[in-house]
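Please read the structure below before turning to the comments.
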Amino acid sequence: MAATEIRITGLGGQGVILCGYIIGKAASIYNEQHATLTQSFGPEARGSACSAQVIVSDQRVLYPYVTAPQILVAMSNDGYKKYKDTLAAESILVYEKDLVKPEGGGDGVRMFGIPATRFAEELGRKIVLNIVMLGFFGAVTDLMPVEALRKAVETSVPAGTEELNLKAFDEGYEYGVKLLEESKAST
Amino acid sequence: MKADPQNVLTGAHYLDGNYAIAEGAIAAGCKFFAGYPITPSTEIAERVSRRFPLIGGIFVQMEDELASMAAILGASWGGKKSMSCTSGPGFSLMMENFGLGIMLETPCVLVNVQRGGPSTGLPTLPGQADMMQARWGSHGDYEVIALAPDSPQEGFELTIHAFNLSEKYRMPVLLMTDECVGHMTEKVIIPPPEEIELIERRYTDKKPGEAWPYQENELISPMLPVGEGYKFHITGLTHDYRGYPVINAEAQAENVDRLMAKVKENVDDLTWLEEKDVEDAEVVVVSYGISSRVVQPAIAKAREEGIKVGQIKMVTVWPFPEKRIRELAGKVKALIMVEMNYGQVYLEMDRCAAGRCETYICGHAGGTVHDPGSVYSTIKDAVK
């Protein structure tokens with residue numbers, strides 16, 4: 001497999017960096033791949049648009065920065081707008097349905113939306129929206145076995161919150177699986 | 001000696017370069033850290049401050065970088081393996097006491113997570129423009145040892161190596177990394193403690209009253225333990241083996257010659273190069289740290305086109321691998337230095353090439369790593 005470039009974008013505080021960390025950890029620790037995570041630092045990353053970049057590959061990642069992501073995970077509209085034009089052709093957009101308004105899918109971009117914040121609120125903790133997004137990401141991208149991602153969630157979230165986070169992950173995953181089945185049925 | 005199991009987080013971790021450096025220090029037996037947090041090095045201090053209380057280490061957040069450097073020298077004389085970390089502006093402030101560490105012959109490790117400069121520059125973006133400051137930043141004549149990791153994994157391993165060299169040569173050792181490696185998260189394998197070889201401090205076997213802080217006619221003297229009855233004096237002034245000031249040209253020659261000879265006579269032991277496809281190469285790309293990594297796609301592309309290009313990665317940048325560069329200069333068409341500055345280590349390479357081959361600098365002001373395209377263009381220029 002060639003390298004897959006992933007960018008996760010959202011607002012500071014939404015768990016953007018943790019989301020990237022979990023994808024990278026899942027690939028490199030639980031799926032025997034290489035994964036390099038870099039993140040945007042700076043005062044502009046607090047409370048406004050911030051992003052994490054992960055490159056997943058079967059070979060060592062030599063150039064560490066994402067240039068044309070095959071997958072963009074957008075949790076805020078500002079973040080989406082900032083990075084939408086960097087999406088490579090035939091890429092995947094994974095977005096928070098209530099927060100991001102995608103503007104068409106040029107160049108064969110496949111788009112998958114989930115109301116992750118609502119799911120998280122129904123679970124009682126809005127803070128797990130990033131983990132709902134991750135479960136959904138696992139279902140619609142097929143980048144790695146879902147178990148690798150799930151294991152990385154379990155070992156990355158604060159002790160005592162594993163159950164809640166895994167529930168959030170599973171809900172996002174199931175929503176994604178259902179969405180894929182529906183889109184297959186309709187084509 | 002092997003690492004202490006209580007200090008080693010054996011296993012596969014997903015860590016950023018700064019955390020990996022902190023774990024390397026802890027695995028090496030570092031038990032004293034003094035620092036003044038500065039981006040992009042702060043995560044080292046953060047990790048150490050959280051881990052040290054669990055393993056009996058001492059973490060002190062100092063009032064500034066002058067004091068930080070002084071504190072790690074004091075702690076080292078007090079018997080602990082010690083370290084500090086900083087970035088550009090802090091590195092400048094540490095330079096005077098870094099020189100004191102050289103003069104007193106004090107083992108310790110100083111990490112510089114380089115950002116763009118000069119002055120405040122680019123706190124959150126990478127650079128490699130402190131390399132000549134690492135070499136010559138403190139006043140006076142001296143030699144230094146500086147290592148450059150290209151990844152979090154090497155951050156872990158080279159920090160241990162830095163501690164070992166600092167004990168072996170009884171001097172401060174620099175780990176010159178950069179923001180990209182410091183903030184990059186990757187898999188880091190921490191081996192079992194029995195696979196981590198450590199060099200421990202050599203102490204005198206003489207009795208109190210018979211031992212001096214330096215030994216006559218000895219290149220690298222064992223140290224004197226504190227709290228065991230040894231009374232001794234050390235000073236940043238030029239001194240003789242007894243540690244007392246002697247202010248004349250003869251003592252200066254003896255003292256400074258020895259400080260320099262410790263490194264100069266051991267260049268072969270200190271030089272650590274990783275070479276690839278150099279044997280048949282017409283052009284060799286020389287680089288270090290993160291730059292040695294991002295040049296590889298460019299080299300691979302040029303190789304695919306039939307250009308005979310090889311690579312040298314300098315794991316130790318100082319002392320400079322003079323002998324190897326001189327050898328290669330007589331064989332290849334061109335040497336290319338790739339570094340995130342406008343040609344600092346390049347000048348050393350050019351000096352050693354001595355006109356026997358072409359030399360090129362592929363450099364920029366920092367703020368991002370090299371675009372492999374710029375390296376590829378330089379390779380094409382060099383084979384024209």
Side-chain angles (χ1 to χ4, degrees), chain A residues 2-3 5-8 12 16-46 50-68 134 144 148-149 151-159, chain B residues 11-20 39-43 87 113 115-116 122-126 150-154 178-190 276 287 289-301 311 313 338 367-376:
Chain A
E5 297 190 357
I6 305 158
R7 171 172 277 128
I8 302 115
V16 168
I17 307 298
L18 181 63
C19 202
Y21 178 88
I22 291 172
I23 293 170
K25 186 177 184 180
S28 66
I29 307 291
Y30 302 115
N31 200 39
E32 293 179 355
Q33 290 175 292
H34 295 265
T36 302
L37 164 72
T38 56
Q39 28 189 310
S40 301
F41 279 85
E44 74 279 5
R46 313 273 182 267
C50 76
S51 78
Q53 290 82 234
V54 194
I55 303 177
V56 176
S57 176
D58 289 341
Q59 273 117 39
R60 189 179 183 210
V61 176
L62 296 171
Y63 184 77
Y65 297 146
V66 162
T67 49
L134 259 180
M144 69 185 95
L149 271 173
K151 186 86 188 141
V153 170
E154 196 180 351
T155 57
S156 303
V157 297
Chain B
H13 304 266
Y14 199 55
L15 295 179
D16 74 17
N18 284 343
Y19 277 10
T39 304
S41 74
T42 305
E43 294 81 5
S87 188
V113 187
R115 61 197 224 183
L122 301 168
T124 58
L125 297 172
D150 75 351
S151 61
Q153 181 69 46
E154 275 197 359
D178 67 85
E179 186 277 337
C180 185
V181 171
H183 284 160
M184 163 200 289
T185 306
E186 288 187 333
K187 178 156 79 176
V188 176
I189 309 250
I190 298 183
K276 193 170 177 245
S287 50
I290 189 66
S291 298
S292 68
R293 190 166 155 174
V294 299
V295 298
Q296 291 175 44
I299 292 172
K301 189 178 172 198
Q311 185 189 3
K313 168 176 145 182
V338 181
T368 184
V369 301
H370 279 76
D371 169 12
S374 69
V375 180
Y376 173 78

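Only the side chain of A:Y65 comes within contact range of chain B, with at least one heavy atom under 4.5 Å from a heavy atom of that chain. For a residue to count as touching a neighbouring chain, one of its non-hydrogen atoms must lie under 4.5 Å from one of that chain's; by this rule B:D150 touches chain A with backbone and side chain alike.
Taking 4.5 Å as the limit, every side-chain heavy atom of A:D58 sits out of range of all side-chain heavy atoms of A:H34.
Comparing B:V294, B:D16, B:I189, B:I290 by how many heavy-atom pairs each has under 4.5 Å with chain A, the most go to B:V294. Ranking A:A35, A:A152, A:S156 against chain B, the residue ahead of the rest is A:A35, based on heavy-atom pairs under 4.5 Å.
A donor-acceptor pair shorter than 3.5 Å cannot be found between the side chains of B:E43 and B:S41.
B:Y14 meets the side-chain hydrogen bond (donor to acceptor under 3.5 Å, both in side chains) test with no other residue; sequence neighbours excluded. By the side-chain hydrogen bond (donor to acceptor under 3.5 Å, both in side chains) test, A:T155 pairs with A:K25, A:Y30, sequence neighbours left out.
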